[in-house]
Amino acid sequence: MPADFDTIVNLSKRRGFVFQSSEIYGGLRSAYDYGPLGNAVLRNVKNQWWKSMVQYRSDVVGIDSAILQSRQVWQASGHEEVFTDPMVECRNCNARHRLDKLDNADQCPTCGMKGQFTETKQFNLMLRTHLGPVESDENLVYLRPETAQGIFINYENVRRTQRLRLPFGIAQIGKSFRNEITPGQFVFRTREFEQMEMEFFCRPEESAQWYDYWLRTRHEWYTDLGMDPEHLRIRTHADDELSHYSAGTADVEYAFPWGWDELEGIANRTDFDLKQHAEHSGEDLRYYDQEADERFFPHVIEPAAGATRTTFAFLIDAYDEETVNGETRTVMRLDHRLAPYQLAVLPLSKKPELVEPATQLADRLRRTYELEMDVTQAIGRRYRRQDEIGTPYCITYDFDSLDDSAVTVRDRDSMEQDRVSLDQLDGYLAERLSPR
Ligand code: ATP
């Protein structure tokens with residue numbers, strides 16, 4: 001059973017997954033800080049994306065481009081002109097809303113008044129700053145609203161230096177910024193967030209086939225990492241919803257507590273971006289096919305996912321409660337590749353005769369696995385804490401361990417316990433966990 005909204009937000013704060021940014025100063029709206037556990041899950045989500053999109057593939061390479069780019073990039077891409085959301089303001093309560101996200105386009109969801117909206121204004125979402133000491137128009141730069149353009153402007157550098165032939169992809173993970181009109185739903189919509197994007201360049205006539213391929217592949221990525229297929233769906237955009245560059249877009253959507261909402265967009269961007277940058281920069285960004293002796297602009301399929309938003313969805317989906325011996329047990333059934341810790345090492349008592357060998361064991365296992373050692377409180381409470389943060393295996397070092405050189409390994413999901421001899425522990429864990 002996935003968590004309701006308040007449960008997951010409370011657990012995130014209580015256990016150190018996510019904190020409000022600048023909390024000691026009353027909080028900065030729509031910005032969040034990831035604590036030790038949230039940072040671990042976020043990093044694992046990004047690592048899993050990188051493994052499946054770059055490391056395990058021979059046809060995709062990765063880059064890390066600058067957040068600050070020439071203003072011309074955003075003029076060429078069309079963002080300066082059309083990266084806008086329709087905004088209305090309520091004359092009664094002054095609340096601002098994004099018109100396309102309202103259930104009733106005539107009624108203010110904040111104060112409930114009807115017929116009080118101002119004319120719709122197109123609000124540009126790019127955050128602005130200035131480079132250098134003078135705040136002039138010439139020094140204006142934007143904080144990138146997507147990582148994709150950093151890929152397009154490096155297309156030729158990457159293709160040439162890596163000697164890439166079509167079809168191939170360029171991937172990137174990084175921060176993006178949007179001055180959202182109505183941020184909210186915790187980390188779902190924030191003004192600073194992280195994206196995981198890949199531009200897959202192919203021959204124009206193969207683009208439909210690659211679009212289908214990436215739609216399938218991306219959907220599988222979520223289910224392979226344990227997301228319930230019933231909570232996922234693919235929604236194809238209607239023609240009037242399409243972005244200015246797109247010949248087809250579908251979203252991977254998740255059943256959030258407030259309803260279906262986007263995790264990732266997969267778009268057929270055609271040759272729009274490369275053509276625009278070629279025209280605005282004067283560089284020839286066409287691909288040269290030696291065999292056919294022809295030059296053309298490749299078409300592009302883009303799977304664009306949100307790392308922070310996806311992390312939130314994985315947490316919601318993993319949340320579970322069950323009754324064990326008349327008590328409620330909260331358990332995060334996170335896939336072991338995503339859980340903050342893969343292991344917890346728990347000496348049964350605080351006595352040095354147990355803590356010392358348990359510490360040695362933990363220090364050895366840390367070289368391969370992410371783990372936490374926890375010495376405080378009764379063992380039952382420590383198990384419950386590890387269940388609640390999703391640790392797949394707890395290793396308990398007890399008084400018998402001193403004699404039999406074995407430990408008890410407890411499985412988070414089944415709560416079954418195995419007695420495993422220390423010289424077989426590495427093999428036992430290797431069968432169940434992958435190193436990070
Ligand atoms: P929306 O319609 O929800 O504003 P979008 O369609 O503009 O989103 P894209 O431009 O397709 O979003 O961005 C790709 C992905 O980046 C989204 O699917 C989402 O996961 C993530 N993303 C976009 N905006 C935000 C945001 N403000 N906060 C967190 N993640 C975001």
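Atoms within a ligand are numbered from 1 in the order they appear, just like the ligands themselves. Values below: all heavy atoms of this structure, side chains included; hydrogens, waters and symmetry mates excluded.
Of the protein's non-hydrogen atoms, Ala304 O, 3.7 Å is the one closest to atom 15 (C) of ligand 1. Nearest non-hydrogen protein atom to atom 22 (N) of ligand 1 is Phe193 CE1, 3.5 Å. The shortest contact between atom 29 (C) of ligand 1 and any protein heavy atom is with Phe188 O, 3.1 Å. The protein heavy atom nearest to atom 20 (O) of ligand 1 is Leu263 O, 2.9 Å. From the protein, the heavy atom lying nearest to atom 1 (P) of ligand 1 is Arg189 NH1, 3.5 Å. Ranking the protein heavy atoms by distance from atom 21 (C) of ligand 1 puts Gly306 CA, 3.7 Å first. Nearest to atom 28 (N) of ligand 1 among the protein's heavy atoms is Thr190 N, 3.1 Å. Among protein heavy atoms, the minimum distance from atom 8 (O) of ligand 1 is reached at Glu262 OE1, 3.9 Å.
Under a 4.0 angstrom heavy-atom cut-off, Gln195 registers as being in contact with ligand 1.
Defined by atom type and a distance below 3.5 Å, a donor-acceptor pair is missing between the side-chain atoms of Glu294 and Tyr288.
Considering CZ of Arg269 and CD1 of Ile301, their distance stands at 11.0 Å, rounded to 0.5 Å.
Judged by a 6.0 Å distance limit and a 45° cone about the ring axis, Arg144 is not positioned over the six-membered ring of Phe177. In this structure, Arg366 forms no cation-pi arrangement with Tyr369, as its terminal cationic atom is not both closer than 6.0 Å to the ring centre and no more than 45° off the ring axis.
Summarising the contacts of atom 9 (P) of ligand 1 with Glu264, Glu180, Arg178, Arg309, the nearest heavy atom is found in Arg178.
Of all the heavy atoms of Glu194, none lies under 4.0 Å from any atom of ligand 1, so neither backbone nor side chain is involved. Counting heavy atoms closer than 4.0 Å to ligand 1, residue Asp85 contributes nothing at all.
Salt bridge present: Arg15 and Glu388 bring a charged side-chain N and a carboxylate O closer than 4.0 Å. Under the 4.0 Å criterion applied to side-chain N and carboxylate O atoms, Asp289 and Arg203 are assigned as salt-bridge partners.
In this pair, Tyr155 and Phe201 present their aromatic rings tilted. The plane angle is within the 30 to 60° band. Between Phe256 and Phe312, the ring-plane angle classifies as tilted under the 30° and 60° cut-offs.
Listed by number with element, the atoms of ligand 1 under 4.0 Å from a non-hydrogen atom of Arg98 are 2 (O), 4 (O).
The shortest N or O to N or O distance between Val187 and ligand 1 is not under 3.5 Å.
Between Trp260 and Tyr254, the ring center distance fails the sub-6.0 Å criterion.
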